[in-house]
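Below you'll find the structure, written out as structure tokens, and then a few comments.
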Amino acid sequence: MPTREPVRPRRAPARIPARRTAGDVVAGLGALVLLVALVGGVPYALLTLAGPPIAPELLDLDVLTSRVGPSTIVALLVLMVWLAWFQLFVCVIVEVYAGVRRVGMPARVPLSGGTQVLANKLVSAVLLLFTATAVAVPVARLGAPPPVATPVSTVAMAAPIVETEVTQKAKKVYVVQPPHGRHHESLWEIAEKCLGDGRRYPEIYRLNQNKEQPDGTRLRMADLIRPGWVLDMPDDARNVHVVPAGQGRVETLREHPGRAAPIGMETGETESTAKQENAPLGKKTDQQPPADTKPDVAPEVTKNPVQQGPGLDLVDYLAGASLAAAGLLVALGRRRRQQLWRRAFGHRVARPRDDAAKAEVALRFGADAPGTRILDIGLRLLGAELAAQGRTPPTVYAAHLSAANLDLWIHPPDNDPPTPWTAQDGGQVWRLHAHEGRLLQEQPGGAPYPGLVSLGSDESGRVLIDLEAAQGLINIRGPQTTAALGAIAVELATNRWSDRMRVTLVGFGEELTAIAPDRIKAVGSLAEVLPELEATAAPREQVLTGRVNGSPRDAHFLLSAVAPTQEEARRLALLARKDTAGYVVAGDVPHATWTLEITEDGRARIAELGFEVTAQLLPRRHYKALVELFRTAEQMDGEAVPESEPLDDLRAPAVEIRMLGPIEIVGAEPLEEGRMAIATELLIYLATHPGGVHPVVLGGVLWPRGVQIMVRDATIARVADWLGKEHLFTDASGRLRLGPGVRTDWVLFRELVRRSRRDTAARAVLLDRALGLVRGPLLSGRPAGRYAWLAADELEYDVAADVADAAHQLCEIRLADGDADAAVAAARAGLLLAADDEGLWRDLLRATHATGDQVRLRAVVDGLTRRSSSHPYGGGMAPETEALIDELLPSWRIHVVRESSA
């Protein structure tokens with residue numbers, strides 16, 4: 001264990017209040033008046049009373065040799081006053097820049113010690129009164145390349161400088177803490193806690209960008225930080241650790257695994273006390289839990305105190321592509337629904353494995369469904385409102401989607417956007433606040449901007465560009481060109497903010513047709529597609545108007561990994577200037593309007609728009625994993641459901657974990673709120689893996705982005721203490737297991753179904769009892785962002801298949817017995833969990849028809865029709881289901897047409 005440096009006493013810093021007081025306001029106003037008087041009043045007075053800085057007397061070279069008179073002395077004094085004022089003015093500019101831009105410690109102005117201190121105090125007091133936000137957007141002439149513009153930037157309120165006794169041989173660091181229940185730390189929260197303002201998080205991002213962390217990974221996106229990372233902090237940070245400047249991150253993490261004591265502790269407070277009060281998960285750092293409350297866990301044989309999650313690189317890229325991830329999950333869900341249509345009795349849907357399964361875990365982990373919805377509905381509403389007013393939609397160059405807003409950068413500027421959009425920055429930006437977007441209802445209008453696609457992410461959100469807005473070729477180049485084109489293609493092909501879409505891939509991506517065969521076409525050369533493009537070109541204004549007025553044409557985008565010949569580049573350039581389609585072409589294209597450069601370190605730059613962001617990429621391994629995931633979803637034969645292990649005792653267990661519906665833990669005392677979610681997920685994973693789970697594996701499942709080993713073990717110990725050692729223990733191989741007194745309703749369900757196959761006489765009773773355990777969808781009510789491991793597990797697939805098969809069997813038995821009402825009840829019981837299994841819907845249709853009640857049958861048909869037409873994955877209903885309805889209720893289609901017309 002390395003020897004720690006002695007803790008040096010340090011002066012307690014001035015505390016910064018969280019809110020402005022009346023005194024702050026008065027002081028700020030006074031400082032503002034004084035600042036205006038010094039910066040503006042002094043030069044005005046000097047010019048009025050004494051004249052310019054350099055008087056005519058000082059311009060006479062004879063003054064150097066002749067006798068100095070009173071007028072010369074006065075002129076010299078005036079010059080010195082002017083110089084003193086200029087020094088003050090420079091200090092004010094430096095302090096304002098440091099405060100507004102949040103650059104940490106301001107630059108020192110030479111020979112201005114006392115003057116800069118005065119400027120600092122005045123500027124700090126004034127800035128407490130204001131918060132300024134500036135957004136600069138590209139402004140361009142139609143038909144010409146847009147000039148360079150500044151990307152979105154947020155300028156935040158400055159806080160007074162807090163001086164500390166930190167020498168140049170030390171630095172301030174913050175150790176990212178492990179998740180607490182559903183809560184994960186973010187750069188915003190760290191900035192808020194340590195810098196006094198969450199909007200200062202870009203400073204932390206810039207200090208740590210691309211620097212290697214203890215687990216070997218690097219910070220590439222501001223919204224992806226992991227527990228155990230050691231972040232360098234600005235000089236004015238609080239609640240941080242102070243360590244030697246040359247100390248490595250691994251050593252820092254080893255010495256400081258917990259939260260830091262606040263710099264400048266209260267009188268009488270010791271450092272050990274502060275560490276105890278700030279230790280993670282409420283643990284005291286100088287105490288060990290009693291031996292009887294902590295199970296024996298497998299010892300680590302590693303120097304790294306952070307456990308890295310499985311498939312982290314897949315999580316980094318695929319989870320980071322949050323909008324594409326949401327679209328991919330919808331496309332995957334549509335395929336899975338088709339698989340269910342053809343599922344055979346006794347079989348489950350084919351599930352992904354290896355990298356394909358990890359890819360789906362990453363997609364579930366990172367998908368931004370709310371953001372996707374706001375983009376889709378917000379843009380459609382915008383188009384519909386403009387169409388109702390007879391206005392042509394403006395050109396949208398780019399968009400910025402954050403947790404707070406959706407911003408569109410438009411041309412020409414317009415200060416009159418439709419409600420609830422608002423104009424910003426002189427009408428160059430149209431903004432939809434996120435809270436307004438969440439309240440919007442689904443819109444029937446067309447999609448006006450299908451070419452919006454993610455370029456990458458900045459510190460506060462995702463940056464999108466509209467490929468159509470370039471009105472010319474977009475040249476893409478750099479060492480990761482194909483990875484960038486792949487990411488663009490996947491998002492274009494699966495986004496929900498477009499309707500009719502065609503994406504032509506040249507020289508790459510033939511396998512991507514498996515993801516969206518109705519949208520993606522792959523060709524080998526530009527020569528194969530140029531004639532078609534030239535024949536279908538259409539003016540931009542005509543296309544935009546058609547989209548919002550309900551007569552759209554297909555949006556067409558060309559992505560080429562093949563550099564064009566000189567003649568092909570000329571034809572493409574001419575085509576792009578008159579056509580609405582978007583053209584992204586690799587190589588050095590001479591006629592390009594925008595140039596998208598993908599750097600080796602994963603940055604995306606468009607100089608013409610002033611953008612530089614972390615690029616959204618789809619590297620080769622991730623590309624292959626996605627393709628394999630969708631190929632698995634095309635397998636219609638399915639897999640046989642494995643036989644369950646026998647259960648001897650059907651009596652109620654000491655602790656029951658209910659999964660077949662809302663999650664419930666019965667038989668255990670309530671755990672404190674905030675820790676129940678992680679404890680429940682831990683129990684469910686162990687319960688569904690009865691062979692035992694090693695703590696390292698469990699840590700990777702519960703914390704996909706990594707976790708501190710001490711946190712993982714403390715969580716396991718806490719759950720063991722809560723549940724009881726007899727219910728959660730470690731076996732001889734070091735694996736965690738649940739005792740025989742813990743059981744899930746799923747295990748009981750499978751045992752009842754297993755016994756029904758062997759006892760013909762009691763089959764109906766056993767199946768009825770099994771279906772009585774089903775209360776709703778599997779694990780319904782689970783917290784968002786958790787249970788992503790289900791994508792790589794067989795649980796979801798087995799449960800849906802077994803419940804549907806049990807309901808089908810019982811329905812058949814009841815129909816054979818002539819009890820149509822009981823058959824209806826059996827089918828509905830299965831649909832509580834397996835609502836997408838259309839075999840059960842057909843069972844319900846037959847059972848309802850057997851009751852002889854036509855009104856009841858029509859109600860079932862109407863409900864199924866509405867559900868199919870509004871299903872989030874689309875696709876209507878299975879052909880077999882439609883054929884059955886035609887047979888049982890021939891007039892149903894007429895009724896549906898009448899309802900849709902009404």
Side-chain angles (χ1 to χ4, degrees), residues 137 152 322-324 326-327 330 368-414 416-424 427-455 461-470 488 491-501 503 519 540-557 580-582 872 874:
V137 299
V152 177
S322 55
L323 300 179
V330 171
D368 183 11
T372 301
R373 182 181 183 275
I374 288 175
L375 257 174
D376 176 37
I377 298 178
L379 294 176
R380 292 179 190 273
L381 174 65
L382 178 65
E385 291 295 323
L386 290 172
Q389 297 172 18
R391 298 163 62 186
T392 300
T395 297
V396 170
Y397 280 94
H400 187 267
L401 179 65
S402 68
N405 305 304
L406 167 60
D407 287 350
L408 301 181
W409 300 356
I410 70 166
H411 179 83
D414 188 340
D416 185 28
T419 304
W421 292 83
T422 60
Q424 308 288 325
Q428 294 184 99
V429 174
W430 283 3
R431 172 170 294 172
L432 176 63
H433 295 288
H435 67 273
E436 296 276 2
R438 285 190 287 268
L439 298 176
L440 296 179
Q441 301 299 316
E442 295 290 335
Q443 298 295 318
Y449 303 109
L452 277 173
V453 66
S454 294
L455 178 65
R462 307 204 64 74
V463 175
L464 299 90
I465 59 171
D466 191 343
L467 301 183
E468 296 178 337
I488 292 173
E491 188 170 304
L492 282 175
T494 59
N495 74 50
R496 61 173 281 181
W497 56 89
S498 63
D499 295 324
R500 299 164 57 178
M501 164 84 72
V503 183
R519 286 191 172 188
R540 177 174 183 78
E541 184 170 337
Q542 171 187 331
V543 172
L544 282 174
T545 304
R547 286 174 184 167
V548 299
N549 286 315
S551 56
R553 68 189 289 268
D554 287 356
H556 194 183
F557 301 95
T580 308

Identify the heavy atoms of [X] and [Y] that sit nearest to each other, and give their distance.
X    : Y    : result
G427 : A423 : CA-CB, 4.2 Å
P450 : S498 : CB-CB, 3.2 Å
D499 : A447 : OD2-N, 3.1 Å
R438 : A403 : NH1-O, 4.5 Å
Y449 : W497 : O-CD1, 3.7 Å

Worksheet entry | Worked verdict on E468 versus T395 for side chain to side chain contact (heavy atoms under 4.5 Å, CB included) | CA-CA 9 Å; E468 296 178 337; T395 297; over 6 Å; no
Discussion item. Checking side-chain polar atoms at under 3.5 Å, does N405 have a donor or acceptor matched by the opposite partner on S402?
Written reply: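 The criterion, which ignores hydrogens and geometry beyond distance, is not satisfied for S402 and N405.
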Rounded distance (nearest 0.5 Å) linking atom [atom1] of [X] with atom [atom2] of [Y]:
X    : Y    : atom1 : atom2 : value
I410 : Y397 : CD1   : OH    : 11.0 Å
L452 : D466 : CG    : CG    : 4.5 Å
D407 : L401 : CG    : CG    : 9.5 Å

Worksheet entry | By side chain to side chain contact (heavy atoms under 4.5 Å, CB included) - contacts of P418 (at least two apart) | L382, E385, L386, Q389, W430
Worksheet item: Please walk me through it: do W421 and E436 pass side chain to side chain contact (heavy atoms under 4.5 Å, CB included)?
Response: CA-CA 9 Å; W421 292 83; E436 296 276 2; over 6 Å; no
Do the side chains of [Y] and [X] get nearer than 4.5 Å, heavy atoms only?
X    : Y    : answer
W409 : L464 : no
V453 : N495 : no
D414 : R391 : yes
L406 : H400 : no

Worksheet item: So L408 and L379, side chain to side chain contact (heavy atoms under 4.5 Å, CB included) or not? Walk me through it.
Response: CA-CA 10 Å; L408 301 181; L379 294 176; 3.8 Å; yes
Worksheet item: Step by step, would you call L323 with E491 a side chain to side chain contact (heavy atoms under 4.5 Å, CB included)?
Response: CA-CA 7 Å; L323 300 179; E491 188 170 304; 4.1 Å; yes
Kindly list each side-chain donor-acceptor pair under 3.5 angstrom involving residues 370-378, sequence neighbours excluded, with atom names and distances?
| from | atom 1 | to | atom 2 | distance (Å) |
| --- | --- | --- | --- | --- |
| T372 | OG1 | D368 | O | 2.9 |
| R373 | NH1 | L440 | O | 3.4 |
| R373 | NH2 | L440 | O | 2.7 |
| D376 | OD1 | R380 | NE | 2.5 |
| D376 | OD1 | R380 | NH2 | 3.4 |
| D376 | OD2 | R496 | NE | 2.9 |
| D376 | OD2 | R496 | NH2 | 3.0 |

Discussion item. Suppose we screen for side chain to side chain donor-acceptor pair (under 3.5 Å). Which residues come up paired with Q441, at least two apart in sequence or across chains?
Written reply: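 With sequence neighbours excluded, Q441 shows a side chain to side chain donor-acceptor pair (under 3.5 Å) to no residue whatsoever.
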Worksheet item: Going through the checks in order, is the side-chain hydrogen bond (donor to acceptor under 3.5 Å, both in side chains) test met by T494 and R519?
Response: CA-CA 9 Å; T494 59; R519 286 191 172 188; over 6 Å; no
